[in-house]
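As a basis for the values below, the full set of heavy atoms in this structure was taken, side chains included, without hydrogen atoms, waters or symmetry mates. Worth saying up front: this structure is predicted, and the values here are computed from it rather than measured. First listed ligand is number 1; within each ligand, the first listed atom is number 1. The first residue in the sequence is number 1, and the count goes up from there.
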Amino acid sequence: MVCAISCRTVQEEEEIIRWLATPAPGEVLIRDSFWSPRIELNRVETIPYIFRQCEQTGRIDNFAIAGGLKKGSHTGARYNDSDVFKIIEGACYSLMETPDPELRRYVDSLVTIITAAQEDDGYLYTTRTIDSINMAPGAGRERWIDERVSHELYNVGHMYEAAIAHHLATGSYTFINVALRNAELVYNEFGWDKREIAPGHQEIEIGLIKLYRLTGESKWLELAQFFLDVRGRPGEYMHHPAESRFEVYNDSVYLQMHKPVLEQSEAVGHAVRGGYMYTALADLSEETGYNRYLKASQRLWDDVVRGKIYITGGIGSKEHGEAFGEPYELPNMTAYTETCASVANIFWNHRLYRATGDAKYLDVLERTLYNGLISGIGSDGCHFFYPNPLESDGSFERAGWFECSCCPVNVARLMPTLKQYVWSLTDEGVNVNLFISSQARLSTIGGEVVIKQETDYPWSGTVRISVDPDTDGSLLSLGIRIPSWTGKAPFAGGLYRYITSPDKRMRIKVNGKRAQVRTANGFAFIERNWNRGDVVEISLPMEPRFIEARDEVEADRGRVAVGVGPIVYCLEEADNGPVRDLTVDHNTKVEFTFEPDLLGGVGTLTFKAKAPSGEEKKVKAIPYFSWANRGRGEMTVWIKSEK
Ligand SMILES: [Zn+2]
């Protein structure tokens, strides 16, 4: 078949890569003492481990059997195809960073099996193709008729994203052609005056918009818009109830189908679905220029930061329906905060930042990244959390795999794309979004420039940025994010605030002298003519500070948390014995130590606390993300406060 993307110029390809999730290889290099070991662990441990799990649990055989390459029956859940797509996506972005011929061959062999599993008309859903009578529960009697439950569109949304990653990493058209044939089928089936049905689990919208960015084919954008616009209209499929084991699918709030998307202003229902949908709203606005979709996404964000987000950046507090709770319903022990919801939260905040240039979204992104996201992955890279509670009675631990294993695979696909969040190009120059040691060659308004960032953040607040334009005297604006945590609150919305003020303020120097800056949108902009060898030094106040939640948050009432920069700390039993009944005075002196031999190298805090007996003792707090790596035990983020 003729591929729609075979005739692009190199410049166009580069432009497309910029539009997609990941910058071009070589454009940004992360060499960071905090993140590089994690990205490497993901590459050498997590990705191969997940591929093995996919083999052992029949996820890959499902494709082989559907393709007639093997005999057998379908095993596992109806959405298991998506795990294979997601880990291929992660592996491909990893290949763009670090070539690995063996991994490349393995991924290509999976693409061959997936290609075989596709039906002649483009349909791809292994359980139905293998045996349309005895399908995985929830698959729906016929194609598409129970899409609310079946995940047929959810699975292929992940396939589009994986196929794009495969094309970008390898230059091959094989997988992208499978994706395009499927998208063609979906386009013929769904739309106004066709099947007017929205996906039960959002995701395909993101995949379609990426397909549009890659190919320039407007129908993919049109279809994404349709899938958003059709939500909240009474659909034929809401008339027949889901079978009893899928009862939650009868709830239109759970599915975010209770109102048209443009009328939704409260984050409700399944948090991952919501997060993907709010991301797609911002994407659609960016591509169409229809501001109303962006406004809807921003309204929903306001609702989340005002009362539905944890201090760790986790969202979706309720186990029932894996859903957003009521405002301020943020229990700690039973906090659900699925790892996938943190992934969605990072996507969403990144898109809102791209659309607005406002650093308040980066504050949430950074907080989620350093806390609620990486808590989901153990220090060995092979043990995971699905929910990420903020308190434990000792009964909660990491697992090697889950029957529904969306979470490990989601982190594995995000890690190799981390570099896209570090810098951004603006109309006036370059913004530093995150403090991560890295180097970038960027084509700015002031010409080509190499920018290098060096730091031991988040364990140190010193950041050194060198700016080397190809031509001396280049005029451009360098925006340095002023993190919200340097001020009164960890992030916007008023849900949490610091009890203690910082002793120091953020300082910025250029070539040793205090910089002249203009502040706007949460950035300090340095506008000047840059010469080779220019150096910007930033010092961020990394003092331990106690945090309290709004009084309306019952679970945190009379309690305090402690943070340093973006890192949230917790007390764990392994260091302190039982921790849930300890009390702390927020005026107590807190000492920070970097412990290179603890948990792969982390900053710890020591301070005085009181046992229930009244006895005073020194306790040690560790970063929240690193808990549950030393066996079972109690843990708490919110410590009882002595008042
Ligand atoms: Zn998940």
Side-chain angles (χ1 to χ4, degrees), residues 42 46-47 49-51 53-54 57 59 76-90 136 138 149 151 153-155 157-159 161-162 199-204 206-207 246 248-249 254-256 267 269-280 308-310 312-325 334-349 368-369 371-378 381-390 396-415 417 625 628:
N42 187 62
T46 311
I47 291 175
Y49 175 80
I50 291 175
F51 276 130
Q53 290 294 328
C54 285
T57 56
R59 281 165 165 82
R78 61 203 183 283
Y79 41 71
N80 279 4
D81 293 356
S82 67
D83 294 328
V84 179
F85 299 140
K86 279 158 75 180
I87 195 61
I88 290 177
E89 181 188 347
V149 186
H151 289 58
L153 297 175
Y154 168 82
N155 286 350
H158 277 304
M159 176 171 70
E161 290 201 79
H201 194 316
Q202 298 90 325
E203 155 57 29
I204 194 171
I206 293 175
F246 300 112
V248 70
Y249 289 85
Y254 167 84
L255 296 166
Q256 286 111 10
H270 190 269
V272 180
R273 290 161 208 245
Y276 287 170
M277 181 171 89
Y278 312 152
T279 300
K308 296 178 182 172
I309 184 167
Y310 285 92
T312 55
I315 53 171
S317 65
K318 289 205 307 194
E319 183 181 358
H320 180 72
E322 308 182 314
F324 288 106
T334 59
Y336 199 69
T337 52
E338 182 178 341
T339 307
C340 282
S342 285
V343 172
N345 204 22
I346 287 169
F347 291 165
W348 181 25
N349 279 283
T368 313
L369 197 57
N371 301 286
L373 176 85
I374 55 171
S375 58
I377 192 149
C382 308
H383 284 84
F384 311 95
F385 278 155
Y386 192 119
N388 293 267
L390 281 77
F396 195 77
E397 60 184 344
R398 297 178 185 277
W401 193 244
F402 308 95
E403 210 147 292
C404 169
S405 246
C406 49
C407 293
V409 198
N410 232 345
V411 181
R413 77 179 176 125
L414 187 140
M415 289 300 263
T417 71
F625 70 75

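- Taking 4.5 Å as the limit, some side-chain heavy atom of His201 sits within range of a side-chain heavy atom of His270.
- Arg273 and Glu322 are not joined by a salt bridge, as no carboxylate oxygen comes within less than 4.0 angstrom of a charged side-chain nitrogen.
- Within a radius of less than 2.8 Å around the Zn ion (ligand 1), the protein N, O or S atoms are Glu338 OE2, Cys340 SG, Cys406 SG, Cys407 SG.
- Ser405 and Asp83 are not linked by any side-chain donor-acceptor pair at a separation below 3.5 angstrom, with hydrogens and angles left out of the test.
- Between Tyr79 and His151, the distance separating the two ring centers is shorter than 6.0 angstrom.
- Between Thr312 and Phe625 there is no side-chain heavy-atom pair separated by less than 4.5 Å.
- Side-chain atoms of Asn388 and Thr339 form a donor-acceptor pair, as typed in the model, at a separation below 3.5 Å.
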